[in-house]
Amino acid sequence: MVDGVTYAITLPVNGAQRVTINGAEVGAQVAFDFVNVPVLRHMGVIANYTYSKDSGYAGRDFFTGGALPFPGLSRHSYNLSAYYEDSVFSVRGSYNWRSNYLITALGRGNNPEFGEAFGQLDASASVNLTDKVSIFAEGVNLTDATRAENANSVYRRTLLETYGRRFYGGVRFRF
């Protein structure tokens with residue numbers, strides 16, 4: 001009690017429960033250097049997909065008593081990139097996506113809070129002007145995706161966060 005006012009302070013603590021996370025990941029990187037077409041031989045793709053599942057997490061929905069997933073763990077996620085690269089020019093586009101995930105078991109109004117599924121497209125390009133100097137450009141979140149969180153329903157959104165599209169450019173020097 002300070003100045004006649006009572007404060008309740010809560011802090012996160014490491015729990016004693018044993019949580020197991022299992023899953024599978026598959027990935028591939030294919031360079032098309034085996035193709036006898038000049039443009040294609042400098043191209044390639046990189047892709048991966050991850051499936052994750054937890055067991056042992058004791059978090060429960062306050063209202064239904066239903067089991068909740070481990071915080072921060074998306075059941076599905078994937079990344080897909082395509083690129084072109086030669087001695088002068090390089091360009092890459094990447095899309096990253098994850099399914100919804102639990103943020104906290106007891107959020108606003110005792111509802112569990114979730115981060116909604118989210119995907120983002122990024123791209124970059126560079127040109128080597130000399131063996132020591134190159135220029136580059138990058139674009140982040142080209143689709144202007146918005147990240148959303150909710151209190152156990154898309155009708156109870158607690159956060160809409162947009163970073164907007166961002167563009168960067170510059171010159172690189174090698175010594």
Side-chain angles (χ1 to χ4, degrees), residues 12-37 39-86 90-108 110-126 138-166 168:
V13 295
N14 290 334
Q17 65 189 11
R18 187 175 193 96
V19 176
T20 302
I21 298 173
N22 290 308
E25 181 171 13
V26 61
Q29 180 171 349
V30 178
F32 299 125
D33 55 357
F34 59 89
V35 177
N36 204 14
V37 177
V39 172
L40 290 179
R41 79 169 13 139
H42 295 285
M43 297 177 75
V45 293
I46 303 167
N48 73 3
Y49 166 78
T50 303
Y51 171 83
S52 303
K53 185 168 169 103
D54 68 281
S55 61
Y57 178 61
R60 297 272 176 203
D61 184 306
F62 180 80
F63 296 104
T64 68
L68 293 170
F70 188 70
L73 183 68
S74 290
R75 179 77 45 102
H76 307 276
S77 65
Y78 68 86
N79 304 291
L80 178 62
S81 296
Y83 65 89
Y84 174 91
E85 189 170 294
D86 62 26
S90 171
V91 65
R92 176 182 298 256
S94 297
Y95 186 76
N96 306 295
W97 181 86
R98 73 183 293 187
S99 62
N100 66 327
Y101 57 95
L102 179 67
I103 295 169
T104 184
L106 286 172
R108 294 167 183 86
N110 286 335
N111 281 296
E113 292 185 5
F114 290 88
E116 296 179 18
F118 179 77
Q120 178 173 304
L121 176 66
D122 303 329
S124 64
S126 66
E138 296 178 6
V140 178
N141 193 18
L142 295 175
T143 57
D144 198 20
T146 299
R147 197 175 73 76
E149 295 178 3
N150 67 60
N152 208 23
S153 169
V154 294
Y155 301 108
R156 287 192 295 267
R157 289 231 165 103
T158 57
L159 176 90
L160 287 173
E161 183 174 55
T162 181
Y163 303 100
R165 293 176 186 94
R166 298 179 304 280
Y168 306 94

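Small disclaimer: the values here were computed from a predicted structure and weren't measured. Any value given below was found using the heavy atoms of this structure, including those in side chains, with hydrogens, waters and symmetry copies removed.
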Partners passing salt bridge (Lys or Arg N to Asp or Glu O under 4.0 Å) against R156 (at least two apart in sequence or in another chain):
none
Residues that E25 engages under salt bridge (Lys or Arg N to Asp or Glu O under 4.0 Å), provided they are two or more places apart:
none
Testing the basics here: between [X] and [Y], what is the closest heavy-atom pair and its distance to 0.1 Å?
X    : Y    : value
R75  : S99  : N-OG, 3.3 Å
G72  : R98  : O-NH2, 2.8 Å
N141 : G164 : ND2-O, 3.4 Å
L142 : A123 : CD1-CB, 3.7 Å
E113 : A151 : CG-CA, 4.3 Å
Y163 : R147 : OH-NE, 3.9 Å

Pairing residues for [X] by the ring pair (Phe, Tyr, Trp, His ring centres under 6.0 Å) criterion, not counting sequence neighbours:
X   : answer
Y84 : H42
Y57 : F70
Y51 : H76

What's the separation between atom [atom1] in [X] and atom [atom2] in [Y], rounded to the nearest 0.5 Å?
X    : Y    : atom1 : atom2 : value
S74  : F118 : OG    : CZ    : 11.5 Å
N79  : N96  : CG    : CG    : 4.5 Å
S94  : L80  : OG    : CG    : 8.0 Å
E116 : L160 : CD    : CG    : 7.5 Å
S126 : E85  : OG    : CD    : 7.5 Å
F34  : L40  : CZ    : CG    : 9.0 Å

Working for side-chain contact (heavy atoms from CB on, under 4.5 Å), residues N100 and N150:
CA-CA 10 Å; N100 66 327; N150 67 60; over 6 Å; no
Please report the C-alpha distance between V140 and Y168 in whole Å, then the side-chain angles of each, then the deciding distance to 0.1 Å, and finally whether the side-chain contact (heavy atoms from CB on, under 4.5 Å) criterion is met.
CA-CA 8 Å; V140 178; Y168 306 94; 3.8 Å; yes
Any Y101 side-chain heavy atom under 4.5 Å of L73 side chain
no
Looking at V91, V45, I46, which one forms a side chain to side chain contact (heavy atoms under 4.5 Å, CB included) with Y83?
I46
Can I get a per-line list of side-chain donor-acceptor pairs under 3.5 Å for residues 60-69, giving both atom names and the distance, sequence neighbours left out?
| unit_1 | atom_1 | unit_2 | atom_2 | d |
| --- | --- | --- | --- | --- |
| D61 | OD1 | F63 | N | 2.8 |
| D61 | OD1 | T64 | N | 3.1 |
| D61 | OD2 | N152 | ND2 | 3.0 |
| T64 | OG1 | G66 | N | 3.1 |

Apply side-chain contact (heavy atoms from CB on, under 4.5 Å) to the pair Q120 and T143, showing each step before the final yes or no.
CA-CA 7 Å; Q120 178 173 304; T143 57; 5.7 Å; no
Give the C-alpha distance, both sets of side-chain angles, the deciding distance and a yes or no for side-chain contact (heavy atoms from CB on, under 4.5 Å) between E161 and E149.
CA-CA 9 Å; E161 183 174 55; E149 295 178 3; 5.8 Å; no
Surrounding OH of Y155 (heavy atoms of other residues, nucleotides or ligands, distance under 6.0 Å), is the total greater than 12?
no
